[in-house]
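Report on one structure; see the data block that follows.
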Amino acid sequence: MGYAAPDALSDVLSLLAQHPSARVVAGGTDFFPALGDGVPPETLIDVTRVAELGGITHGPEGWRIGAAVRWSEVIGHPLPPCFDALKTAARAVGSVQIQNVGTVAGNLCNASPAADGVPPLLALEAEVELTGPTGTRRMPVQEFLQGVRKTALRRGEILSAIHIPAQPDGAGSAFEKLGSRKYLVISIVMVAANIWCAGGRITGARVAVGAASPVAQRLPGLEGDLIGLPVDAPGPFTRPAHLTILSPIADVRGSAAYRAEAVAELCDRAIRGAMRHG
Ligand SMILES: Cc1cc2nc3c(=O)[nH]c(=O)nc-3n(C[C@H](O)[C@H](O)[C@H](O)COP(=O)(O)OP(=O)(O)OC[C@H]3O[C@@H](n4cnc5c(N)ncnc54)[C@H](O)[C@@H]3O)c2cc1C
């Protein structure tokens with residue numbers, strides 16, 4: 001297996017053009033466990049040394065998280081409360097060792113239904129930036145994730161950055177994860193909520209659920225019903241009708257009915273948490 005660690009994005013693209021069967025890798029925390037005893041790719045392209053893919057930056061249009069940014073950088077970076085869900089998710093990814101090498105972009109590109117980074121990014125209405133031989137294109141995360149292990153990435157393209165648009169003033173956010181233990185655990189279900197309020201009432205809400213459908217989903221019915229509620233409304237907020245968009249499965253981690261019940265409770269906790277932290 002060949003290994004290349006270029007330091008320029010143009011070199012990554014050239015290598016991908018020369019070696020169509022090459023695989024891009026960042027922290028390798030999804031790639032290597034999935035490879036197991038399988039046949040390794042002809043060439044592995046490590047993108048973590050590419051300067052253009054590094055850093056978290058903020059400008060008038062919002063934030064940019066480079067594709068080489070690791071979970072521990074998200075945790076350590078000063079970000080407003082609307083990012084609290086993403087930071088909490090970052091702390092829930094595996095362990096400190098995993099957070100020190102695993103990237104947000106790798107979490108997205110792996111397209112697992114249980115990827116903890118996806119609901120917070122949906123609740124931020126994040127977009128991905130994809131760079132390939134014909135240039136750069138952008139699309140919402142919801143469009144990028146097309147199914148279990150399926151993304152909109154084309155041959156020769158890489159995910160180069162994640163863009164988060166400017167968020168409503170005073171927006172708070174929260175993330176709730178249910179696992180069979182506290183750390184180093186794959187989510188049974190998880191929820192991210194971003195909420196903003198004015199005049200004592202909720203004026204905007206985004207609630208996204210992961211591990212309860214092939215791709216994490218926002219709950220538009222619930223989001224709509226939250227608008228106008230007083231900030232001290234006790235709940236419960238989530239009704240079965242809000243969850244019909246989901247299709248939880250039964251597996252070793254839990255039954256479909258358990259997942260559905262847990263989602264409703266986690267949504268309510270995340271909504272209350274987001275209102276507290278706004
Ligand atoms: C012990 C352990 C615990 C874990 N716990 C959790 C957890 O709690 N929650 C969770 O969500 N995940 C968990 N994971 C999975 C993993 O750590 C995360 O998904 C991590 O964010 C993946 O990032 P990475 O940089 O290591 O990805 P990599 O393994 O490097 O790549 C993942 C996939 O994305 C592709 N890829 C990576 N970067 C790019 C790019 N820029 N452009 C195009 N394709 C790219 C790779 O080809 C590969 O297919 C765990 C993994 C381990 C080993």
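We count ligands from 1, going down the list as the structure has it; atoms in each ligand are counted the same way. No hydrogens, no waters, no symmetry mates; every other heavy atom, side chains included, goes into these values.
Under a 4.0 angstrom heavy-atom cut-off, Leu108 registers as lying outside contact with ligand 1. Heavy atoms of Lys177 approach ligand 1 to within less than 4.0 angstrom. Residue Phe32 places no heavy atom under 4.0 Å from ligand 1. Residue Ala34 places no heavy atom under 4.0 Å from ligand 1.
Any N or O atom pair closer than 3.5 Å counts here, and Ala67 shares no such pair with ligand 1. By the 3.5 Å distance cut-off applied to N or O atoms, Leu153 is not counted among the residues near ligand 1.
Atom 2 (C) of ligand 1 has Ile98 CD1, 3.7 Å as its closest protein atom, hydrogens excluded (heavy atom only).
Of the possible polar contacts, one joining the Arg155 side chain to the Pro20 backbone as a donor-acceptor pair under 3.5 Å is found. Without hydrogens or angle criteria, Asp7 side chain to Arg49 main chain gives no donor-acceptor distance under 3.5 Å.
Between Phe83 and Trp63, the two ring planes are perpendicular [angle over 60°; tilted spans 30° to 60°].
How far OG1 of Thr203 is from CG of Leu226: 11.0 Å, rounded to the nearest 0.5 Å. Rounding to the nearest 0.5 Å gives a distance of 8.5 Å between CD of Glu176 and CD of Glu265.
Residue Ala26 touches ligand 1 through backbone and side chain together, judged by heavy-atom distances below 4.0 Å.
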